[in-house]
Amino acid sequence: MKTYITRINGWSLEDKSHYMQHIVAEIARQLGCQEMGIYRYGADGESEESLSSRLDGIIAGINWGDLVICQFPTGNGIRFERELVDRLKAYGGRVAVFIHEPEALVYEDRRSTLGETVGLYNQTEVLIVPTYAMQQWLMENGIRENMKFVVQEMWDCTVGWPLVGTPVWKKEICFADGERFAGMDDWNYSVPLNLYNISVDRGNVRNLREREPYRLLSELNRGSGFGLVWYRDEDFRRYMERSNSFCFARYLAAGLPVIVPAGCSHQTLVEANHLGVVVNSLEEAVEVIERMTEEEYREYVKAVEQFAPALRNGYFTKRCLIETMQAFCRKDAGRVPVPEGVYEAGECRFDYVALNESYGGNLAFS
């Protein structure tokens, strides 16, 4: 039995989607996975005969019982992805999908394709989802009951060379996601905003040079202040409650403390590990930084440096991929074991707990 993982080709690593798949595939290779390259092309108008030949070439190495982790979306459209999964299964492959950022799960006006996307996922054996909230949301939107789930928790941002810099204490914010966020064009705060790979013409905004991913990480490592994770609109703010931000991992891997919006999936992680500040607005973020002392900032930097090796060495992705390989072998993958026993709480004693309602698959009792 062999294990494969897909990766899109034909994009520059400066493209975030390609770069994320590249990191996952490189980490998977360390675990013995073989790469299944998929070229990104204009697939919409391709004939059935041409698509069939293309898919035969992609899966040529597959044998009965091999495991294939598909990183979706591929950029070639859902028709291509559906045909790929069908072809893999026809040749005896067992398929998992590693969910990245499909538009059907982000924007309300793209929900017309949600049914088709869920239908595609239901043809697979295992789903790698970013968060438990995404798992719950998918179960409420048509994912079959016996689906095996693996929760990613967060992205990694691996580093192949030593990072020797230490972020400098300055009251400033940097944003390196390369996309616009709500409030960027109206930035009029006292705290400077440093932008990478995007430009805004404002008095207190510094437009820094474009950087390819590896050089950007090194530059952030020699930077200062806080890395900002923010949303571009209300749809994306809601999506951040059940998704993972790659830029969040990039800041932390570079050693920068972070600013994240309240309610995002990373809030608990940030608070529990002292990785930065959680705020309800950009105004609040600026106020927190203006009041902060250098000693307080150094405590954040120290906590981030303790956390960062997990991201730089790909430990979150390794755990996630190993759990996926185990899920192929286990019937109880993704379930929460509830041992029998006696539960005591203060003066109350419970011989057993009756679970009256599962809330869409989440175990809960009171």
Side-chain angles (χ1 to χ4, degrees), residues 23 27 128-137 149-159 163 166-167 169 173-177 217 220-221 223 225-231 236-282 284-289 291-323 334 336-338 345 359 362-366:
I23 287 177
I27 295 171
I128 304 173
V129 293
T131 63
Y132 285 106
M134 176 64 82
Q135 175 180 334
Q136 175 67 20
W137 187 84
F149 285 98
V150 172
V151 177
Q152 176 194 15
E153 192 172 2
M154 71 177 297
W155 293 105
D156 288 307
C157 189
T158 52
V159 183
L163 291 174
T166 300
W169 165 231
I173 296 172
C174 75
F175 184 76
D177 198 28
L217 193 65
L220 290 172
N221 177 243
F226 287 81
L228 176 66
V229 178
W230 211 250
Y231 47 87
F236 205 82
R237 184 192 63 78
R238 288 188 292 269
Y239 180 65
M240 288 179 71
E241 297 173 3
R242 55 180 184 268
S243 69
N244 294 329
S245 165
F246 177 72
C247 213
F248 175 76
R250 174 183 276 156
Y251 294 138
L252 295 179
L256 276 181
V258 294
I259 297 169
V260 300
C264 75
S265 65
H266 299 304
Q267 177 173 345
T268 300
L269 187 71
V270 170
E271 293 173 336
N273 293 278
H274 201 61
L275 301 177
V277 295
V278 179
V279 296
N280 292 289
S281 66
L282 295 175
E284 183 182 351
V286 170
E287 291 172 2
V288 169
I289 292 176
R291 294 194 306 266
M292 189 173 295
T293 66
E294 182 173 357
E295 183 180 358
E296 290 172 329
Y297 180 76
R298 288 297 164 204
E299 287 300 315
Y300 284 119
V301 171
K302 183 179 178 180
V304 170
E305 189 55 36
Q306 182 177 349
F307 187 87
L311 309 177
R312 296 170 183 168
N313 292 287
Y315 291 151
F316 281 92
T317 303
K318 287 176 182 176
R319 174 198 55 77
C320 165
L321 294 173
I322 290 171
E323 287 187 7
V336 180
V338 181
Y359 298 98
N362 285 338
L363 298 177
F365 64 88
S366 61

Undergrad: Measure the spacing between CZ of F316 and CG of L311 and express it to the nearest 0.5 Å.
TA: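 F316 atom CZ to L311 atom CG measures 6.0 Å (nearest 0.5 Å).
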Undergrad: Please name the residue in the list N280, V286, L282 that meets the side chain to side chain contact (heavy atoms under 4.5 Å, CB included) test with E284.
TA: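 Looking at N280, V286, L282, the match for E284 under the side chain to side chain contact (heavy atoms under 4.5 Å, CB included) is N280.
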Undergrad: Centre-to-centre under 6.0 Å for F149 and Y132, is that the case here?
TA: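 That pair fails the under 6.0 Å test.
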Undergrad: Going by side-chain hydrogen bond (donor to acceptor under 3.5 Å, both in side chains), name the pairs with one or both residues in residues 254-273, residues two or more places apart or in two chains.
TA: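 Sorted pair list: Q267-E271.
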Undergrad: Please round to the nearest 0.5 Å and tell me the distance separating atom CG of L275 and atom CD of E305.
TA: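 So the CG of L275 and the CD of E305 are separated by 11.5 Å.
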Undergrad: So, do I289 and I259 sit near enough that their side-chain heavy atoms are less than 4.5 Å apart?
TA: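 Side chain of I289 against side chain of I259, heavy atoms only: contact under 4.5 Å found.
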Undergrad: Going by an N to O cut-off under 4.0 Å, is there a salt bridge joining K302 and E295?
TA: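 A salt bridge is absent here (no side-chain N lies under 4.0 Å from a carboxylate O).
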Undergrad: Is the shortest heavy-atom distance from the side chain of F307 to the side chain of L269 under 4.5 Å?
TA: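 Sidechains of L269 and F307: in contact.
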Undergrad: After noting the C-alpha distance and the side-chain angles of V129 and W137, does the key distance pass the side chain to side chain contact (heavy atoms under 4.5 Å, CB included) rule?
TA: CA-CA 10 Å; V129 293; W137 187 84; over 6 Å; no
Undergrad: Starting at OG of S243, measure out to CD of Q152 and round the result to the nearest 0.5 Å.
TA: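 With rounding to 0.5 Å, OG (S243) is 10.0 Å from CD (Q152).
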Undergrad: Are the ring centres of Y239 and F236 closer than 6.0 Å?
TA: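 Yes, ring centres under 6.0 Å apart.
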Undergrad: Return the CG to OH distance between D177 and Y231, rounded to the nearest 0.5 Å.
TA: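 Reported value, rounded in 0.5 Å steps: 14.5 Å.
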